[in-house]
2 protein chains.
Amino acid sequence: MSRTRRLTALTQMLAGKRYSSQDELAAALGRNGIEVTQATLSRDLRSLGVAKRAGADGSTWYELPGPAGESLDRSRQMLDLKVFVNETRLAQNLAVVKTPPGHASAVARAIDMLEFEGLVGSVAGDDTVLCVLHDTATAKRFKRHLDSIAQTTGGAQ
Amino acid sequence: MSRTRRLTALTQMLAGKRYSSQDELAAALGRNGIEVTQATLSRDLRSLGVAKRAGADGSTWYELPGPAGESLDRSRQMLDLKVFVNETRLAQNLAVVKTPPGHASAVARAIDMLEFEGLVGSVAGDDTVLCVLHDTATAKRFKRHLDSIAQTTGGAQ
DNA sequence: GTTGTTTATTCACTCACTCGCATAAGTATT
DNA sequence: AATACTTATGCGAGTGAGTGAATAAACAAC
């Protein structure tokens with residue numbers, strides 16, 4: 001069972017029902033054909049940014065981050081940036097981010113999730129994301145930041 | 001140096017100038033700060049789908065696939081399928097492929113690239129791709145095929 | 001404080017991926 | 001055919017992500 005798939009299932013389950021322990025989640029996942037240990041769940045919940053909330057009645061449950069599970073999987077957003085950002089060019093306070101065809105919207109979403117200080121907004125085409133930064137210096141910082149993420153992609157040596 | 005970045009640099013170099021041997025490419029990459037052996041280049045060129053073309057004057061050079069490098073990287077299409085196909089469900093001769101939000105068009109593109117026998121066409125929404133197969137049996141084969149690709153994503157056990 | 005429950009972490013391991021080296025295979029030239 | 005050049009591949013090594021089992025740590029209840 002792939003990790004991504006498990007995280008997706010986990011997200012859907014958390015969105016649909018309140019679970020109050022990792023063992024309970026493990027059992028529920030097991031009923032869906034996904035075998036998982038508590039140790040892995042602990043890590044999964046962290047990587048999803050899930051928080052444990054407490055109600056007034058003393059009950060507790062896991063809750064997805066953001067407004068109603070809006071941010072699905074931060075690590076996946078990072079994956080988009082790592083894998084699909086081909087190049088970042090600057091023009092004054094604008095950054096032009098090139099992606100493979102069709103990936104611009106996904107990359108734009110990931111960029112928005114960064115909540116980069118000084119990023120005013122971004123527009124996605126098919127293979128290009130136009131990012132508006134507050135000023136020229138911020139744009140340079142932004143490019144450095146993106147480049148540093150993209151660099152850490154790969155394998156050995 | 002990450003593999004992805006090297007492939008990107010390789011693509012840009014091939015788009016900008018004609019190179020006629022892998023050693024020549026290795027040297028040029030080296031001048032750009034990317035050390036690489038001929039063996040690796042051989043693999044890179046294959047994974048990019050680069051072909052060696054010959055001119056009328058007998059000269060040869062490497063050329064990116066498709067109209068002016070339109071189809072960048074087939075292995076990246078496979079990556080889309082491996083990473084971003086969350087689930088595939090069937091209804092008669094239709095297959096509904098779920099993806100993370102914003103990834104549907106990229107996954108649809110990757111699916112189209114498969115040129116799966118019996119795949120009539122596909123439509124992408126935001127997080128869903130609807131695939132029309134020729135018949136029910138073909139749809140089942142299609143799902144098995146996608147699942148086999150998606151399964152190989154993850155880690156151990 | 002002790003006990004029981006829940007969560008986080010350490011450890012050892014597997015696996016997929018990527019790479020360089022050496023070498024085989026292929027291709028052109030003479 | 002022999003030689004030189006070019007490309008592909010078998011092989012072993014290194015690396016990083018991901019995992020479960022065991023265990024430590026945190027927390028709650030009593």
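Predicted model only: the values in this text are computed from it and were never measured. Labels below follow one simple rule: chain letters A, B, ... track the order of the sequence lines, proteins then strands, and each chain is numbered from 1.
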| No-hydrogen, no-angle side-chain donor-acceptor test under 3.5 Å, Ser20(B) and Glu24(B) | yes

| query | Is there a donor in the side chain of Asp126(A) and an acceptor in the side chain of His103(A), or the other way round, less than 3.5 Å apart? | reply | no

| Thr40(B) or Thr37(A): which one's nearest nucleotide on DNA chain D is closer to the 5' end? |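 So the residue in question is Thr40(B).
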
| Out of Leu10(B), Thr60(B), Leu25(B), Val50(B), which one pairs with Tyr19(B) under the side chain to side chain contact (heavy atoms under 4.5 Å, CB included) rule? |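 Testing Tyr19(B) for a side chain to side chain contact (heavy atoms under 4.5 Å, CB included) against Leu10(B), Thr60(B), Leu25(B), Val50(B) leaves exactly one candidate, Leu25(B).
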
Where the side chain of [X] is defined as all heavy atoms beyond and including C-beta, which of [options] is the nearest nucleotide?
X        : options                 : answer
Lys52(A) : dT7(D), dT7(C), dT9(D)  : dT7(C)
Gln38(B) : dC19(C), dA8(D), dA8(C) : dA8(D)
Arg3(A)  : dG18(D), dT9(D), dT7(C) : dG18(D)

Should [X] be listed as having a side-chain N or O under 4.0 Å from OP1 or OP2 of [N]?
X        : N       : result
Arg46(A) : dT7(C)  : no
Arg6(B)  : dC19(C) : yes
Lys82(A) : dA17(D) : no
Gln22(B) : dA8(D)  : yes
Tyr62(A) : dT7(C)  : yes

What is the nucleic acid contact for [X], judged by heavy atoms within less than 4.0 Å: base, sugar-phosphate only, or nothing?
X        : result
Arg43(A) : base
Ser20(A) : sugar-phosphate
Ser21(B) : sugar-phosphate

Spacing between [X] atom [atom1] and [N] atom [atom2], to the nearest angstrom:
X        : N       : atom1 : atom2 : value
Leu48(B) : dT18(C) : CG    : P     : 12 Å
Asp23(B) : dG20(C) : CG    : P     : 13 Å
Ile34(B) : dT18(C) : CD1   : C1'   : 16 Å
Arg5(A)  : dT19(D) : CZ    : P     : 14 Å
Leu10(B) : dC19(C) : CG    : P     : 12 Å
Arg53(B) : dT7(D)  : CZ    : P     : 16 Å
Glu35(A) : dT19(D) : CD    : P     : 14 Å
Glu24(A) : dT6(C)  : CD    : P     : 9 Å

| task | May I ask you to check whether over 12 heavy atoms, not counting those of Gln38(B), lie within 6.0 Å of atom CD? | result | yes

| task | Specify whether Phe116(A) and Phe142(A) have parallel, tilted or perpendicular ring planes, treating 30° as the upper limit for parallel and 60° as the lower limit for perpendicular. | result |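 It falls in the perpendicular class, over 60°.
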
